[in-house]
Asker: 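Submitted below is the structure of interest, expressed as structure tokens.
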Amino acid sequence: MDLPVTVGVDGSDASLVAAEWAAQEALLRGRPLRVLHALPLMPHLLPSWSRQTRPAGDLLHEVRHVLAVRHPQLLVRTEEVHDVVTSALVAAGEDAELLVLGARGIGGFPELRVGSTALHIAARANSPTVLLPANGPGMHPREQVVLGLDARRPAEAALLFAFLAAQSYGLPLRVVHAGADPVGACEGHSGESALLDRVLGSWKAAHPEVEVIADTEGAAPGPALVEASAKARLLVLGRRPADRVGPLGPVAHAVLHHADCPVAVVPET
């Protein structure tokens, strides 16, 4: 069975941008697109700023129409569910190749870059989850895929996801050794480079068509990844295994709040 690329929409501008990004990704992967909208169980209890401004059926009809015009070859399925948004989207990730969300939806502060719903789902979904920045990517050229990696504890699922993404986009893969010692107190720069090379050796051999750029400059991982995001088409982070699910770590938080490109959070199995 072909698992779909699934995108959650709520009528916000960010979610509509996410739907377009998900459509392009589904075409690239040769997958159908599932557009999901969660309806609150008791909408009368919600604050006024979070209530729907138009019927859910109208929203899904509009999204489907726009995607059909832009991508006539794409198979699109829309679905409404009556459930808590976080529960509905985490459940949707069980049957998705990829889950896509806007980093923030309806409501919240205008300056808020990542909403609590997006953070909750990125920390708990069992599928790779892509969050699109609230303000859209900047104007820099998108010339690489970036992977944040701790070479002492390499995340295999994130490595595979990043290599396949770079391969499908036809872009180099920049691997930022996110566990490097900023002052080089342990092994020094050469030791960190050797460590990363050992981790990447088998992956480079398995994907010879992907140009790999190893980055062990030693900057703190959060700022290094945010800086790298300025020229990235996609930034990939690993996440702890499902049996140790909890809040995202400080590096992931920093990246999700400040990255200038879509960020994929990939859970280890």
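This one's a predicted model, so the numbers in the text were calculated from it and none came from an experiment.
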Asker: Return yes when atom CG of D197 has more than 12 non-hydrogen atoms of other residues, nucleotides or ligands closer than 6.0 Å, and no otherwise.
Answerer: yes

Asker: Does the distance from a Lys or Arg side-chain N to an Asp or Glu carboxylate O, for E192 and R152, drop under 4.0 Å?
Answerer: yes

Asker: Quick check: do V76 and V35 have side-chain heavy atoms less than 4.5 Å from each other?
Answerer: yes

Asker: When hydrophobic residues are tied together by side-chain contacts of less than 4.5 Å, even through go-betweens, does V210 share a cluster with L28?
Answerer: yes

Asker: Which side-chain N or O atoms in residues 155-172 pair as donor and acceptor under 3.5 Å with protein atoms at least two apart or in another chain?
Answerer:
unit_1 : atom_1 : unit_2 : atom_2 : d
S168   : OG     : L164   : O      : 3.3
S168   : OG     : A165   : O      : 2.9
Y169   : OH     : E25    : OE1    : 2.9
Y169   : OH     : E25    : OE2    : 3.3

Asker: Out of curiosity, H65 NE2 to T78 OG1, how far, rounded to the nearest 0.5 Å?
Answerer: 14.0 Å

Asker: Mind checking whether V175 and L200 have side chains closer than 4.5 Å, heavy atoms only?
Answerer: yes

Asker: To check you understand the geometry: which heavy-atom pair defines the closest contact between A26 and L33, and what is its length?
Answerer: CB-CB, 4.3 Å

Asker: In terms of side-chain geometry, is the basic nitrogen of D2 or R29 positioned less than 4.0 Å from the acidic oxygen of its partner?
Answerer: no

Asker: Answer yes or no: is there a side-chain heavy-atom contact under 4.5 Å between V236 and V146?
Answerer: no

Asker: Could you walk me through whether V130 and L101 pass the side chain to side chain contact (heavy atoms under 4.5 Å, CB included) check?
Answerer: CA-CA 6 Å; V130 175; L101 304 168; over 6 Å; no

Asker: Does a donor on one side chain and an acceptor on the other come within less than 3.5 Å for Q24 and H71?
Answerer: no

Asker: Using a strict threshold of under 4.0 Å (side-chain N to carboxylate O), is an ion pair present between R239 and E268?
Answerer: no

Asker: Would you say the side chain of R233 lies within less than 4.5 Å of the side chain of C261, judging by non-hydrogen atoms?
Answerer: no

Asker: Would you give the length of the straight line joining atom CG of L119 to atom CG of L248, rounded to the nearest 0.5 angstrom?
Answerer: 6.5 Å

Asker: My understanding is that only one of V265, L225, L131 makes a side-chain contact (heavy atoms from CB on, under 4.5 Å) with V255; could you say which?
Answerer: L225

Asker: For R64, which residues count as a salt bridge (Lys or Arg N to Asp or Glu O under 4.0 Å) partner, sequence neighbours excluded?
Answerer: none

Asker: Nearest 0.5 angstrom please: R34 CZ to E97 CD, how far?
Answerer: 14.5 Å

Asker: Any heavy-atom pair between the side chains of E94 and L99 that's under 4.5 Å?
Answerer: no

Asker: Would you say that Q73 contacts L27 through its side chain, given a criterion of any heavy-atom pair below 4.5 Å between the two side chains?
Answerer: yes

Asker: Output, in order, the C-alpha distance, side-chain angles, deciding distance and verdict of side chain to side chain donor-acceptor pair (under 3.5 Å) for D10 and S15.
Answerer: CA-CA 6 Å; D10 63 1; S15 76; 3.2 Å; yes

Asker: So which heavy atom on L132 is nearest to which on A18, and how close?
Answerer: CD2-CA, 3.9 Å

Asker: Please step through side chain to side chain contact (heavy atoms under 4.5 Å, CB included) for the pair R153 and D150, ending with a clear verdict.
Answerer: CA-CA 5 Å; R153 296 177 295 175; D150 183 348; 3.5 Å; yes

Asker: How far apart are the closest heavy atoms of A254 and G222, and which atoms are they?
Answerer: CB-CA, 4.5 Å

Asker: Between atom CG of L3 and atom CZ of R31, what is the distance when rounded to the nearest 0.5 Å?
Answerer: 6.0 Å

Asker: Answer yes or no: is there a donor N or O on one side and an acceptor on the other, between the side chain of S229 and the main chain of D260, under 3.5 Å?
Answerer: yes

Asker: Where is the tightest heavy-atom contact between V199 and A151, given as atom of each residue plus distance?
Answerer: CG2-O, 3.4 Å

Asker: Given the rule in the side chain to side chain contact (heavy atoms under 4.5 Å, CB included) test, do H177 and L195 qualify, once you have shown the distances and angles that lead to the verdict?
Answerer: CA-CA 9 Å; H177 176 20; L195 174 63; 4.1 Å; yes

Asker: So for atom CD, which belongs to E227, do other residues, nucleotides or ligands contribute more than 12 heavy atoms lying within a distance under 6.0 Å?
Answerer: no

Asker: Shortest non-hydrogen contact from A259 to P133?
Answerer: O-CB, 4.0 Å

Asker: Test side chain to side chain donor-acceptor pair (under 3.5 Å) on T216 and S193 and set out the steps.
Answerer: CA-CA 6 Å; T216 56; S193 297; 2.9 Å; yes

Asker: Using the rule that two of Ile, Leu, Val, Met, Phe, Trp, Tyr join whenever any of their side-chain heavy atoms come within less than 4.5 Å, decide whether V66 and L74 are in one cluster.
Answerer: no

Asker: Can you check whether T6 reaches V100 side chain to side chain, under 4.5 Å on heavy atoms?
Answerer: no

Asker: Please lay out, stage by stage, how V176 and R174 fare under the test side chain to side chain contact (heavy atoms under 4.5 Å, CB included).
Answerer: CA-CA 6 Å; V176 178; R174 179 180 177 186; 4.1 Å; yes

Asker: Considering non-hydrogen atoms only, spot the tightest contact between A214 and L196 and give its length.
Answerer: CB-CD2, 3.7 Å

Asker: What's the separation between atom CD in Q144 and atom CG in L235, rounded to the nearest 0.5 Å?
Answerer: 9.5 Å

Asker: How far does CG of L89 sit from OG1 of T129, to the nearest 0.5 angstrom?
Answerer: 9.0 Å

Asker: Less than 4.5 Å apart, side chain to side chain, heavy atoms only: is that true for V81 and L36?
Answerer: yes

